[in-house]
Amino acid sequence: MTSRFERLIQEASFPPFAERTFSKAITPDQMSRSRIQTYQEEAIKEVISRAYQNSPFYQDKLTQAGVQPEDIQTLEDLEKVPFTTKEDLRQDPWIRLACDKKEISLIHVSSGTTGGKEIYTPHTWKEYYFNHSIIYPRLTPVKREDIAFVALPYEMSQSGLNFHNLFLIGHQATAVPVGKGGAYSTPEKTIKLMKNLKPNFIATSPSYAIHLAEAAEAASLDLTTLPLKRMFVAGEGCSNAFRNRLEKIWNTTVNFQYGATECGFIARECDLHDGLHITAAHVLVEIVDPVTGKVLKPGEIGEIVVTCLLRFDTPLIRYRTQDLGYLNPKICRCGVALPRLYHLGRAADHITLKGKSYSPYALEEYLIKLPEIGNWYQFIVQHGDNEQLTILTEPAHDVVVTPELIQKCSRQLHAAIGVSCEVQFVEKMDRPMIKAKRIKYTD
């Protein structure tokens with residue numbers, strides 16, 4: 001009997017390597033390291049060849065760089081291919097198509113957090129369905145009988161719909177699209193649905209998980225009574241300390257998922273929380289020097305560059321995400337051979353203190369480890385170098401703010417970071433329904 005993967009591949013004219021790989025019972029997170037590399041080499045050659053043949057945008061890029069498809073035979077050869085930038089994609093909504101415009105059935109739009117014009121991400125339905133059919137059950141152990149809430153935006157960006165289709169198409173579980181603060185999707189209503197439906201999985205952002213927890217407290221719902229197996233957080237950065245708070249509040253394991261509207265899912269955590277496993281069936285990740293563009297060695301921090309491996313109608317090759325990170329090629333103790341990525345946030349969000357650049361996640365780690373600090377905060381800085389870090393925050397529940405407490409927290413942060421810190425407590429901070437604004441600039 002022909003499997004659904006084989007039927008889909010035949011109908012969508014996917015290449016033979018995809019049929020060989022994904023019509024089998026083995027999933028990408030069960031593959032050996034050598035099989036992953038072989039697959040990625042096959043995929044890279046096919047992606048480059050099809051983009052050159054069918055996408056005028058990529059044909060021009062490759063021609064100007066003096067690169068022919070036959071020049072790309074190994075993963076190392078990919079360095080010959082020019083980058084795709086956000087500015088490239090902002091020029092024209094249809095710029096990178098390798099198919100007829102009428103084949104496009106879905107378009108996502110960037111959230112605009114990096115500034116500038118919108119970036120449009122088109123999909124053909126067969127390619128979109130195929131991408132969501134390939135799953136990583138060791139990293140997302142969702143079963144058909146599970147109920148999965150998606151508390152992420154469904155409008156414009158991919159975040160909500162990607163998780164929705166991961167659960168619905170990939171795992172055939174029950175997906176509940178509760179959204180994130182839309183016209184009908186208030187935290188209060190989501191909590192009411194949780195009382196009634198008792199989800200096993202939740203996909204949301206770190207800050208919205210706190211929104212929901214506050215709504216649950218107001219509704220007298222004990223979150224620890226829910227039959228949760230995992231919470232997946234995405235859309236915002238999250239330090240280990242903040243994640244630990246979420247795990248305690250929700251009484252479940254919290255795993256971070258990293259992706260982008262332009263690329264889809266890029267990497268996922270296992271339960272050991274030691275880096276994010278790259279979804280290597282879908283993407284190839286490189287780390288490059290942000291200035292020179294040179295590919296860096298494992299362990300070296302640079303810009304995350306992504307090539308989509310299963311997008312032949314809407315190719316995306318060597319896309320500069322403007323995020324920072326580094327790679328760890330060692331096989332994780334969990335046994336999954338997929339290489340690991342350590343995500344350090346957007347380059348533009350890094351804070352400079354006395355000439356040294358700090359990831360906001362690293363600063364959050366020091367801050368949230370203090371039990372007197374609440375779950376809402378902002379770093380108050382100016383652009384460029386700063387001699388001092390000011391933190392605006394709420395106190396933790398039942399904590400009484402005194403001059404001695406302020407001095408204690410400021411002193412402990414100074415000792416941890418090595419820069420003078422001023423903690424300012426307020427009774428209540430704003431609760432943004434969009435991405436949490438952890439940095440506030442004074443200039």
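If you're wondering where the values come from, they're calculated on a predicted model, not measured in any experiment. This chain uses plain numbering: 1 for the first residue, then up along the sequence.
Checking each of S185, S159, P153 against K180 for a side chain to side chain contact (heavy atoms under 4.5 Å, CB included) leaves exactly one that passes, namely P153.
Here the shortest heavy-atom pairing between I249 and T224 reads O-CG2, 4.3 Å. Contact detail for L310 and N131: the closest heavy-atom pair is O-ND2, 3.2 Å. The minimum heavy-atom distance between I287 and I301, with the atom names listed, is CG2-C, 4.2 Å. Nearest heavy-atom pair, I351 versus F379, reported as atom, atom and distance to 0.1 Å: CD1-CB, 4.0 Å. Closest of all the heavy-atom pairs between Y136 and P28 is CE2-CB, 3.3 Å.
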Please report the C-alpha distance between E404 and K408 in whole Å, then the side-chain angles of each, then the deciding distance to 0.1 Å, and finally whether the salt bridge (charged side-chain N to carboxylate O under 4.0 Å, His left out) criterion is met.
CA-CA 6 Å; E404 291 75 21; K408 174 189 172 185; over 6 Å; no
Give the C-alpha distance, both sets of side-chain angles, the deciding distance and a yes or no for ring pair (Phe, Tyr, Trp, His ring centres under 6.0 Å) between Y128 and F130.
CA-CA 5 Å; Y128 187 76; F130 183 65; over 10 Å; no
Do E269 and R243 pass the salt bridge (charged side-chain N to carboxylate O under 4.0 Å, His left out) test, and can you show the C-alpha distance, the side-chain angles, and the key distance before you say yes or no?
CA-CA 12 Å; E269 276 188 316; R243 180 230 308 284; 2.6 Å; yes
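Within the 4.5 Å cutoff, side-chain heavy atoms of D289 are placed close to those of L296. Using a 4.5 Å cut-off on side-chain heavy atoms (C-beta onward), L405 and V400 make no contact. Proximity of L316 to E262: side-chain heavy atoms (C-beta onward) are separated by under 4.5 Å at one or more points. A heavy-atom distance below 4.5 Å is found between the side chains of D88 and F57. Within the 4.5 Å cutoff, no side-chain heavy atoms of K195 are placed close to those of T225. L309 has its side chain out of reach of H282: every pair of non-hydrogen atoms, C-beta onward, lies at least 4.5 Å apart. V306 has its side chain out of reach of E286: every pair of non-hydrogen atoms, C-beta onward, lies at least 4.5 Å apart. Q257 places a side-chain heavy atom less than 4.5 Å from the side chain of T140.
Aromatic pair F163/Y154: centroids not less than 6.0 angstrom apart.
The distance from atom OH of Y319 to atom CZ of F83, rounded to the nearest 0.5 Å, is 13.5 Å.
At a threshold of 4.0 Å, the pair R90-E118 does not count as salt-bridged, since none of the basic side-chain nitrogens sits closer than that to a carboxylate oxygen. Salt bridge status for E303 with R320: present, with a side-chain N to carboxylate O gap under 4.0 Å. One finds a salt bridge joining D146 and K229 here, because a Lys/Arg side-chain nitrogen approaches an Asp/Glu carboxylate oxygen to under 4.0 Å. Salt bridge annotation for E394-R431: present, with a cationic side-chain nitrogen under 4.0 angstrom from a carboxylate oxygen. Salt-bridge annotation for D430 and K437: absent, with no side-chain N of the basic residue lying under 4.0 Å from a carboxylate O of the acidic one.
The aromatic rings of Y258 and H343 lie parallel to each other, with less than 30° between the two planes, well short of the 60° mark.
When only modelled atom types and interatomic distance are considered, E387 and S420 share no side-chain donor-acceptor pair under 3.5 Å.
The local environment of CD in Q388 is crowded, with over 12 non-hydrogen atoms from other residues, nucleotides or ligands closer than 6.0 Å. Surrounding CD of E188 are more than 12 heavy atoms belonging to other residues, nucleotides or ligands, all under 6.0 Å away. The local environment of CD in E427 is sparse, with at most 12 non-hydrogen atoms from other residues, nucleotides or ligands closer than 6.0 Å.
A distance-only check finds a donor-acceptor pair linking the side chain of R245 to the backbone of I368 [under 3.5 Å].
With Y342 as the aromatic partner, R340 does not meet the cation-pi criteria of under 6.0 angstrom to the ring centre and within 45 degrees of the ring axis.
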